[in-house]
**Student:** 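First the structure, then my questions, so here it is.
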Number of protein chains: 2
Amino acid sequence: MTHQTVSHPGLPDDPYANVTAPTPSCPVEITLAALQGRWTTLVIREFLRGSRTFTDLRHALPMLSDKVLSDRLAHLTEAGVLERHRQPGRPPRVHYALTPRGHRLGPVLQALWDWGSPASG
Amino acid sequence: MTHQTVSHPGLPDDPYANVTAPTPSCPVEITLAALQGRWTTLVIREFLRGSRTFTDLRHALPMLSDKVLSDRLAHLTEAGVLERHRQPGRPPRVHYALTPRGHRLGPVLQALWDWGSPASG
DNA sequence: CTGAATCCCTGCCGATACTG
DNA sequence: CAGTATCGGCAGGGATTCAG
């Protein structure tokens, strides 16, 4: 088998595809870094379902501690998945929302779901 | 917004979608577990390119230590991504190949690549 | 050639307590 | 309500050495 174009366009031909070590600039690493950490995908799922505030998420994921939830929200905001908005007034409310980029994680999670699904062998 | 079917079929309606804690039986967790660990996606990429033996991978990924490479091959074999075949004769050669399930990781890596690619901003 | 065994170091995650 | 501060346990991963 010589070098041929396979059915996965981006992978073999993109310049980043030639890295020989894990580097943060590799697109695959960037995505995995965004999804990295326990609870992260479940938090994203709650946003896809419509959760908006810290308390929403606490009720949806009761086993998740405040500290880790806070870490995840900060991490996902840093990764460009979420936007953070402080609502003025009392009591203080903070509103989180998926960015357009965050919404595009839907197909990614779907691909992960499909491969891991028992029906998919 | 009431409960409606969104454009990501598997996620909201599957029974596993209702987990409220990270569980190994969740399809998303299964896939992330298979891809977990430094160097893992690069090893898979080398198999998609045609690498077959321990030495092939050592040459393709010179910064990867023997121990970690061995760990990754065992882990991917355990996850059903690779098949391990001992070649009879001397010197001992071991042949690895992607399983059909392993080949199906192509679209998954593609989805990860696409989201993380700068062009997809 | 293809790993397995061991050691050490680092970073994640959970629990608890505290703050504007 | 929405976090931050701190501490400790544990597992991941790198280097080195040994084995079939």
Side-chain angles (χ1 to χ4, degrees), chain A residues 19-24 26 28-29 32-44 46-47 51-79 81-97, chain B residues 19-24 26 28-29 32-44 46-47 51-79 81-97:
Chain A
V19 296
T20 61
T23 164
C26 170
V28 173
E29 298 289 330
L32 288 177
L35 299 178
Q36 196 178 39
R38 210 153 115 93
W39 295 97
T40 302
T41 56
L42 289 176
V43 169
I44 294 170
E46 291 310 318
F47 277 103
S51 289
R52 291 286 179 267
T53 68
F54 202 93
T55 308
D56 286 343
L57 293 159
R58 285 220 290 207
H59 288 129
L61 304 171
M63 316 279 294
L64 174 55
S65 75
D66 288 1
K67 181 224 178 189
V68 175
L69 175 54
S70 180
D71 287 350
R72 292 297 170 269
L73 293 172
H75 176 239
L76 289 170
T77 302
E78 182 68 18
V81 174
L82 297 178
E83 274 176 351
R84 188 174 186 274
H85 303 284
R86 300 163 185 267
Q87 308 271 81
R90 305 276 336 213
R93 294 228 166 227
V94 180
H95 180 268
Y96 291 91
Chain B
V19 297
T20 61
T23 165
C26 170
V28 173
E29 298 289 330
L32 288 177
L35 300 178
Q36 197 178 37
R38 211 153 113 93
W39 295 97
T40 302
T41 56
L42 289 176
V43 169
I44 294 170
E46 292 309 317
F47 277 103
S51 289
R52 290 288 178 267
T53 68
F54 202 94
T55 308
D56 286 343
L57 293 159
R58 282 221 290 208
H59 288 128
L61 303 170
M63 314 280 293
L64 174 55
S65 75
D66 288 1
K67 180 229 180 186
V68 175
L69 175 53
S70 179
D71 287 350
R72 292 298 169 270
L73 293 171
H75 176 238
L76 290 170
T77 303
E78 181 69 18
V81 173
L82 296 178
E83 275 176 350
R84 189 173 186 274
H85 303 283
R86 299 164 185 268
Q87 308 271 82
R90 307 271 341 215
R93 294 228 166 229
V94 180
H95 181 266
Y96 291 90

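Quick note on labels: first sequence line is chain A, next is B, and so on, each numbered from 1. Just the heavy atoms: all of them, side chains too, but no hydrogens, waters or symmetry mates, feed the values below.
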**Student:** Rounding to a whole Å, what distance do you find between A/D66:CG and D/dT6:C1'?
**Tutor:** 15 Å
**Student:** Quickly work out the A/Q87 CD to D/dC1 C1' distance and round it to whole Å.
**Tutor:** 13 Å
**Student:** Measure across A/A97 and A/F47 and return the closest heavy-atom pair with its distance rounded to 0.1 Å.
**Tutor:** N-CE2, 4.4 Å
**Student:** Applying salt bridge (charged side-chain N to carboxylate O under 4.0 Å, His left out), name anything that partners A/R58, two or more places apart in sequence or on another chain.
**Tutor:** A/D66
**Student:** State whether A/S70 places a side-chain N or O below 4.0 Å from either non-bridging phosphate oxygen (OP1 or OP2) of D/dA2.
**Tutor:** no
**Student:** Going from OG on A/S51 to CD1 on A/I44, what distance comes out if it is rounded to the nearest 0.5 angstrom?
**Tutor:** 13.0 Å
**Student:** Looking only at atom types and distance, does a side-chain atom of B/D56 sit under 3.5 Å from a main-chain N or O of B/T53, one as donor and one as acceptor?
**Tutor:** yes
**Student:** Does B/E29 have any salt bridge (charged side-chain N to carboxylate O under 4.0 Å, His left out) partners at least two apart in sequence or in another chain, and if so, which?
**Tutor:** none
**Student:** Rounded to the nearest 0.5 Å, what's the gap from CG on B/L32 to OG1 on B/T40? Could you check?
**Tutor:** 11.5 Å
**Student:** Please list each protein N or O that sits under 3.5 Å from an N or O in nucleotides 9-15 of chain D, with the distance.
**Tutor:**
unit_1	atom_1	unit_2	atom_2	d
D/dG13	OP1	B/R38	N	2.8
D/dG13	OP2	B/R72	NH2	2.6
D/dG13	N7	B/K67	NZ	3.4
D/dG14	OP1	B/R38	NE	2.6
D/dG14	OP1	B/R38	NH2	3.2
D/dG14	N7	B/K67	NZ	3.3
D/dG14	O6	B/K67	NZ	2.9

**Student:** Using 0.5 Å steps for rounding, measure from the CD atom of A/E78 to the NE2 atom of A/H75.
**Tutor:** 8.5 Å
**Student:** If you round to the nearest 0.5 Å, how far is CZ of B/R84 from CG of B/L73?
**Tutor:** 8.5 Å
**Student:** Rounded to whole angstroms, how far apart are NE2 on A/H85 and P on D/dG3?
**Tutor:** 13 Å
**Student:** A/R52 CZ to D/dA2 P: how many Å, rounded?
**Tutor:** 14 Å
**Student:** Hey, what do you get for NE2 (A/H85) to OH (A/Y96), rounding to the nearest 0.5 Å?
**Tutor:** 10.5 Å
**Student:** Rounded to 10°, tell me the angle between the two end axes of the helix from C/dC1-D/dG20 to C/dG20-D/dC1, each built from five pairs.
**Tutor:** 50°
**Student:** Tell me which pairs pass salt bridge (charged side-chain N to carboxylate O under 4.0 Å, His left out) where either residue lies in residues 35-44 of chain B, with sequence neighbours left out.
**Tutor:** none
**Student:** Rounded to the nearest 0.5 Å, how far apart are OG1 of A/T41 and CD of A/E46?
**Tutor:** 10.5 Å
**Student:** Base, sugar-phosphate or nothing for A/R84? Non-hydrogen atoms, less than 4.0 Å.
**Tutor:** sugar-phosphate
**Student:** For chain A and DNA chain C, what are the first and last nucleotides along the strand, 5' to 3', with at least one atom under 4.0 angstrom from a heavy atom of the protein chain?
**Tutor:** C/dC13 to C/dG20
